[in-house]
**Student:** 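Before anything else, here's the structure in question.
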Amino acid sequence: MAAPAAPARVRNVVFVDGVRTPFGKAGPKGIFAETRADDLVVKVIRELLRRHPELPPERVDEVAIAATTQTGDQGLTIGRTAALLAGLPKSVPGYAIDRMCAGAMTAVTTAASGIAFGAYDVVIAGGVEHMGRHPMGEGVDPNPRFLSDKIVDPSALVMGQTAENLHDRFPEITKERADAYAAASQAKYAAALAAGKIGPELVPVATRSAEHGWGLATADEPPRPGTTVEDLAKLKTPFRPHGRVTAGNAAGLNDGATGAILAEEETARELGLPIGMRLVGYAFQGVDPSVMGVGPVPATERALSRAGLSIEDIGLFEINEAFAVQVLAFLDHFKIADDDPRVNQWGGAIATGHPLASSGVRLMTQLSRQFAERPDVRYGLTTMCIGIGMGGTVIWENPLWSSKQGSGEK
């Protein structure tokens with residue numbers, strides 16, 4: 001009998017590059033209304049390979065693609081089918097993954113774990129959501145025991161109601177405060193767009209309309225530049241009479257896809273791939289589903305603890321803005337000001353949109369590009385709340401950081 005193999009050493013994992021399609025509004029008038037979800041993923045994979053000719057396609061060891069609603073053109077093991085449609089060699093495997101809003105985040109952490117263990121050297125990970133074709137919850141059949149056995153509160157299955165519950169739990173987070181945060185997100189996105197910060201990561205997508213013919217999607221559709229607090233105050237509260245959650249202080253229903261190349265660090269150097277970020281650690285944590293928006297708090301505490309870091313070590317934050325109240329609950333817990341410049345400095349999902357399973361890689365792509373401008377910042381994190389009561393956080397290190405920077409910043 002052969003002796004057992006020695007335990008594999010943990011290898012460094014790096015985020016090479018990320019891209020995304022423009023995000024569209026879900027529905028018959030959205031830019032992707034007549035575009036297939038899997039074609040959005042194909043476009044992303046092809047763009048990653050186009051931008052990195054130094055990566056031979058046969059060196060891709062896995063393709064992990066997330067979708068919350070895995071049916072129709074988001075079904076059939078979309079990681080594998082999209083890889084084939086994108087022209088990757090038939091030897092490249094792929095799979096689908098689902099953790100609702102954190103699908104792409106989980107695709108990254110799962111694939112990265114394989115790299116760290118030694119199962120892969122290079123992977124493509126991302127996500128897609130076509131909420132126009134596949135509304136959240138389409139075709140699901142929740143077990144009646146969830147409600148009959150009181151396993152969850154009835155509101156836990158409606159994300160907007162969970163946000164109202166979060167307002168109840170933290171009454172200091174008023175509607176006025178949530179609206180002010182939302183208006184600021186729109187303003188930051190508009191400023192970033194004007195400065196060229198938003199755009200280089202976008203993949204133009206050819207679109208088809210039976211009514212209007214062919215077009216080209218080159219920009220995000222959801223943003224509303226010029227939004228004011230006064231505008232937001234007039235919006236209805238659809239989840240509760242006289243509530244606090246509106247279409248203006250929450251992310252919309254959107255279509256879009258994201259993708260990223262991850263690699264073992266020495267393999268990236270061997271191939272000449274850029275190194276945008278180095279993975280430090282990650283954590284997912286469950287919370288009461290009726291207040292799922294609080295999930296990023298314990299997930300972040302767990303990730304920081306395991307990495308031996310504190311919140312003071314984090315120099316940049318990319319927090320998914322599913323709802324303004326959820327971001328504000330996170331900021332309050334960690335005693336961070338609503339307008340702290342480290343937080344979502346190019347705006348967030350309230351402006352750009354939140355195509356569920358794709359959003360995690362949008363956060364990572366933005367953080368990586370911000371790191372490139374900030375060698376004085378060593379650590380950043382991406383975090384998001386997750387439906388059915390979870391949170392996810394990934395901590396990253398800036399490879400450009402040097403202890404010789406001497407700025408005093410983290």
Side-chain angles (χ1 to χ4, degrees), residues 18-51 65 67-76 78 81-82 84-87 104 126-139 185-186 189-190 192-194 196-227 231 235-236 238 246-248 250-259 346-359 361-362 365:
V19 299
R20 67 179 178 91
T21 69
F23 288 171
K25 294 181 180 179
K29 295 183 179 179
I31 55 176
F32 297 132
E34 298 178 44
T35 302
R36 291 179 60 97
D38 48 10
D39 282 338
L40 294 177
V41 180
V42 167
K43 187 67 177 177
V44 162
I45 294 173
R46 286 178 173 171
E47 181 65 13
L48 285 169
L49 295 173
R50 187 193 71 79
R51 293 190 183 196
I65 300 296
T68 301
T69 306
Q70 297 193 8
T71 187
D73 55 350
Q74 292 185 179
L76 200 62
I78 192 169
T81 54
L84 291 170
L85 290 164
V128 64
E129 210 72 55
H130 199 307
M131 300 181 77
R133 283 174 171 257
H134 307 290
M136 186 176 181
E138 178 191 37
S185 180
Q186 295 280 1
Y189 176 91
L193 183 67
K197 309 296 185 183
I198 304 292
E201 79 282 21
L202 297 183
V203 185
V205 178
T207 61
R208 178 188 174 278
S209 165
E211 180 180 357
H212 301 292
W214 289 95
L216 189 66
T218 60
D220 293 320
E221 194 175 21
R224 296 184 178 182
T227 296
D231 295 330
L235 298 179
K236 295 179 180 179
T246 71
L253 304 179
N254 306 108
D255 308 328
T258 62
W346 296 347
I350 287 173
T352 196
H354 174 30
L356 301 184
S358 69
S359 288
V361 166
R362 180 189 69 81
T365 300

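In what follows, residues are counted from 1 in the order of the sequence shown. Heavy-atom basis, side chains included; hydrogens, waters and symmetry copies ignored.
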**Student:** Determine whether more than 12 heavy atoms belonging to other residues, nucleotides or ligands lie under 6.0 Å from atom CG of Leu193.
**Tutor:**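 Counting neighbours around CG of Leu193, more than 12 heavy atoms of other residues, nucleotides or ligands fall under 6.0 Å, so yes.
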**Student:** What distance separates Thr352 OG1 from Asn254 CG, expressed to the nearest 0.5 Å?
**Tutor:**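 Going from the OG1 atom of Thr352 to the CG atom of Asn254 covers 8.0 Å.
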**Student:** With sequence neighbours left out, what residues match Pro238 under side-chain contact (heavy atoms from CB on, under 4.5 Å)?
**Tutor:**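 Checked Pro238 against side-chain contact (heavy atoms from CB on, under 4.5 Å); zero matches.
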**Student:** For Ala357 and Val128, work out which heavy atoms get closest and say how close.
**Tutor:**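 Nearest pair, atom of Ala357 first, then Val128: CB-O, 3.8 Å.
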**Student:** Run the numbers on Leu216 and Val205 for side-chain contact (heavy atoms from CB on, under 4.5 Å), then give the verdict.
**Tutor:** CA-CA 6 Å; Leu216 189 66; Val205 178; 5.8 Å; no
**Student:** Could you tell me which residues satisfy side chain to side chain donor-acceptor pair (under 3.5 Å) with Thr68, sequence neighbours excluded, listed by chain and number?
**Tutor:**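 So Thr68 forms a side chain to side chain donor-acceptor pair (under 3.5 Å) with Glu129.
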**Student:** Looking at Val361, is its backbone amide N or carbonyl O close enough to the side chain of Thr365 to form a donor-acceptor pair, meaning the two atoms are under 3.5 Å apart?
**Tutor:**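 Here the side-chain-to-backbone pair exists.
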**Student:** Among all residues two or more places apart in sequence or in another chain, which pass the side-chain contact (heavy atoms from CB on, under 4.5 Å) test with Leu235?
**Tutor:**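 For Leu235, the residues satisfying side-chain contact (heavy atoms from CB on, under 4.5 Å) (neighbours in sequence not counted) are Leu232, Thr246.
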**Student:** Locate the shortest heavy-atom distance separating Thr218 from Leu202; write the atom from each residue and the value.
**Tutor:**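 That closest heavy-atom pairing would be O-CD1, 3.6 Å.
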**Student:** Glu221: what forms a side chain to side chain donor-acceptor pair (under 3.5 Å) with it, not counting sequence neighbours?
**Tutor:**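 Counting only residues at least two positions away or on another chain, Glu221 forms no side chain to side chain donor-acceptor pair (under 3.5 Å).
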**Student:** Is there a side-chain contact between His134 and Thr71 (heavy atoms, below 4.5 Å)?
**Tutor:**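 A side-chain contact exists here, since the closest heavy-atom pair is under 4.5 Å.
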**Student:** Let me confirm one number: the NE2-CG distance from His130 to Asp255, rounded to the nearest 0.5 Å.
**Tutor:**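 It is 4.0 Å, given to the nearest 0.5 Å.
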**Student:** Specify the closest pair of heavy atoms between Ser185 and Gly348, including all atoms of both residues, with the distance to one decimal.
**Tutor:**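 That would be OG-N, 3.1 Å.
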**Student:** Would you call Val44 and Thr258 a side-chain contact if the rule is heavy atoms closer than 4.5 Å?
**Tutor:**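 Val44 vs Thr258: side chains apart.
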**Student:** Go through the structure and list residues passing side-chain contact (heavy atoms from CB on, under 4.5 Å) with Ala349, not counting sequence neighbours.
**Tutor:**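 Per chain and number, Ala349 pairs via side-chain contact (heavy atoms from CB on, under 4.5 Å) with Ala251, Asn320, Glu321, His354, Arg362.
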**Student:** How would you list, by chain and number, every residue that makes a side-chain contact (heavy atoms from CB on, under 4.5 Å) with Ala33, sequence neighbours excluded?
**Tutor:**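 Residues passing side-chain contact (heavy atoms from CB on, under 4.5 Å) with Ala33: none at all.
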**Student:** Would you list the atom pairs, donor with acceptor, under 3.5 Å between side chains in residues 18-28 and any protein atom, with sequence neighbours excluded?
**Tutor:**
{"residue": "Arg20", "atom": "NH1", "partner": "Asp220", "partner atom": "OD1", "Å": "2.8"}
{"residue": "Arg20", "atom": "NH2", "partner": "Asp220", "partner atom": "OD2", "Å": "2.8"}
{"residue": "Thr21", "atom": "OG1", "partner": "Ala257", "partner atom": "N", "Å": "3.1"}

**Student:** Checking side-chain contact (heavy atoms from CB on, under 4.5 Å) for the pair Arg46/Leu49: CA distance, chi angles, key distance, verdict?
**Tutor:** CA-CA 5 Å; Arg46 286 178 173 171; Leu49 295 173; 5.9 Å; no
**Student:** Rounded to the nearest 0.5 Å, what separation is found between the CG atom of Leu40 and the CD1 atom of Ile65?
**Tutor:**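 So the CG of Leu40 and the CD1 of Ile65 are separated by 11.5 Å.
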**Student:** Quick check against the 3.5 Å criterion: does Gln74 have a side-chain atom that pairs as donor or acceptor with the backbone of Ala67?
**Tutor:**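 Judged by distance alone, no pair lies under 3.5 Å.
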**Student:** Would you compute the distance between atom CH2 of Trp346 and atom CD1 of Ile198 and round it to the nearest 0.5 angstrom?
**Tutor:**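 If we round to the nearest 0.5 Å, Trp346:CH2 and Ile198:CD1 are 6.5 Å apart.
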**Student:** Strictly by side-chain hydrogen bond (donor to acceptor under 3.5 Å, both in side chains), give each pair with a member in residues 30-44 just once, sequence neighbours left out.
**Tutor:**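 Applying side-chain hydrogen bond (donor to acceptor under 3.5 Å, both in side chains) to every pair that reaches into residues 30-44, excluding sequence neighbours, yields Glu34-Arg208, Arg36-Asp38.
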**Student:** How about Arg224: does its CZ atom have over 12 heavy atoms from other parts shown lying under 6.0 Å from it?
**Tutor:**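 Not buried by this count: 12 neighbours or fewer within 6.0 Å.
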**Student:** Using 0.5 Å steps for rounding, measure from the OG atom of Ser358 to the CE atom of Met131.
**Tutor:**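 One gets 9.5 Å once the value is rounded to the nearest 0.5 Å.
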**Student:** Of the non-hydrogen atoms in Ile31 and Ala217, which two are nearest, and what is the gap between them?
**Tutor:**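 Closest pair (atom of Ile31, atom of Ala217, distance): CD1-CB, 3.8 Å.
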**Student:** How far apart are the closest heavy atoms of Lys197 and Glu201, and which atoms are they?
**Tutor:**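 Closest pair (atom of Lys197, atom of Glu201, distance): O-OE1, 4.0 Å.
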**Student:** How close do Thr69 and Gly137 get, heavy atom to heavy atom, and via which atoms?
**Tutor:**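 Scanning both residues, the minimum pair turns out to be OG1-N, 4.4 Å.
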